[in-house]
Each structure stands twice: as structure tokens, then as C-alpha cells.
Amino acid sequence: MNAYIEAWKRSFDYTGRSSRPDYWLFVLVNIIVIVVLAVIGGKVEAIQPLVTLYTVAQIVPHLPVTVRRLRDAGKEWPWIFIGLVPVIGGIWLIVLLALPTVTG
């Protein structure tokens, strides 16, 4: 949970690094929150705008934590755009995000 909270606290911080556990725990908790909200939103119509709001708002901390994770893996921030390439780009980005930490 600390990785999730820390990512939200550093929502506008593109400097530094984020370790593999920090990144993937943030992603895991994010997915869980979205799924729970979507399930509740499916049953309670009034919650649906909250689901949409959270889904859009989570982009704010997700971009910096991804940039910091790429930096930690030894890649420059423009590698984030590889995810825009259809099919293979998303897979390639996941591989880059799963690389071990590069010291230095």
C-alpha cells in the first residue's frame, strides 16, 4: 500500500527512480481499485461517474511512476511512447518495465 500512496504523493515528480516492486505494486492496487469500482458501479448506477473519474485521474500518477521506472531500468523517458505502437509496442513496454534495476 505504501508504493501506491507514494506514487500518488509523487504525481508530478518525474525525477528520480521507482523500483520494480514500487511500480508493479502501484499497478496491482490500481487494477484492484478499478475492478472494485467497476463492479460496484455496475450494481449502483450513481457510482459510475466515480469509476470514470478515478480511471481518468489515475493517469496523473501513472505517467511519472512509469517514467521513473524506465529510468530505473536504464532507459530514457521517451521509451514510454513505444507503447503507442499497435500490439508489439505494449508488449515491449511491459518487458522494459520488468527489467531489473540498473545501478549508476
Flag yes if Ile5 and Tyr23 sit in one hydrophobic cluster, no otherwise; membership is Ile, Leu, Val, Met, Phe, Trp, Tyr, and two members link when side-chain heavy atoms are under 4.5 Å apart. yes

Under a side-chain separation threshold of 4.5 Å, the hydrophobic residues clustered together with Val56 are none

Applying side-chain hydrogen bond (donor to acceptor under 3.5 Å, both in side chains), name anything that partners Trp8, two or more places apart in sequence or on another chain. Tyr4

Pairs involving residues 56-65, ordered by first then second residue, that meet side-chain hydrogen bond (donor to acceptor under 3.5 Å, both in side chains) (sequence neighbours left out): Asn30-Gln58

Taking only residues at least two apart or on different chains, which pairs with a member in residues 33-47 satisfy side-chain hydrogen bond (donor to acceptor under 3.5 Å, both in side chains)? none

OH (Tyr54) and CD1 (Ile59) are apart, to the nearest 0.5 Å, by 11.0 Å

Check for me, please, whether Val39 and Leu28 land in the same ILVMFWY cluster - side-chain distances under 4.5 Å, paths through other members count. yes

Ser19: what forms a side-chain hydrogen bond (donor to acceptor under 3.5 Å, both in side chains) with it, not counting sequence neighbours? Asp22

So the side-chain hydrogen bond (donor to acceptor under 3.5 Å, both in side chains) pairs with at least one residue in residues 77-90 (sequence neighbours excluded) are none

Where at least one partner belongs to residues 30-49, residue pairs that pass ring-ring contact (aromatic ring centres under 6.0 Å, His included), sequence neighbours excluded: none

Linking I/L/V/M/F/W/Y whenever any side-chain heavy atoms sit under 4.5 Å apart, do Ile91 and Ile94 land together? no

State, to 0.1 Å, how close Pro61 and Phe26 come at their nearest heavy-atom pair, and which atoms those are. CG-CZ, 3.9 Å

Take Ile80 and Leu63 through the test side chain to side chain contact (heavy atoms under 4.5 Å, CB included) and record every step on the way to the result. CA-CA 9 Å; Ile80 199 168; Leu63 286 174; 3.9 Å; yes

Tell me, please, which residues at least two apart from Val60 pass side chain to side chain contact (heavy atoms under 4.5 Å, CB included). Ser11, Phe12

Can you list the residues that meet the side-chain hydrogen bond (donor to acceptor under 3.5 Å, both in side chains) rule with Thr66, with sequence neighbours excluded? none

Before giving the answer on side chain to side chain contact (heavy atoms under 4.5 Å, CB included), spell out for Leu96 and Arg69 the whole-Å C-alpha distance, their side-chain angles and the decisive distance to 0.1 Å. CA-CA 9 Å; Leu96 292 177; Arg69 176 64 203 125; over 6 Å; no

Which value, rounded to the nearest 0.5 Å, describes the distance between Leu93 atom CG and Phe81 atom CZ? 11.0 Å

Working to the nearest 0.5 Å, report the span between CG of Leu25 and CG of Asn2. 9.5 Å

With sequence neighbours excluded, tell me which residues meet side chain to side chain contact (heavy atoms under 4.5 Å, CB included) with Leu53. none

Going by the rule salt bridge (Lys or Arg N to Asp or Glu O under 4.0 Å), which residues pair with Arg10 if we only count those two or more places apart in sequence or in a different chain? Asp13

Could you pull out the closest heavy-atom pair between Val51 and Leu37, with the gap in Å? CG2-O, 3.1 Å

Of all the heavy-atom pairs spanning Met1 and Val29, show the shortest one and how long it is. SD-CG1, 4.5 Å

Same cluster for Val87 and Leu84 if Ile/Leu/Val/Met/Phe/Trp/Tyr side chains link at under 4.5 Å? no

Val27 reachable from Val36 in the ILVMFWY side-chain graph, under 4.5 Å edges: yes

Arg17: partners by salt bridge (Lys or Arg N to Asp or Glu O under 4.0 Å), with sequence neighbours left out: Asp72

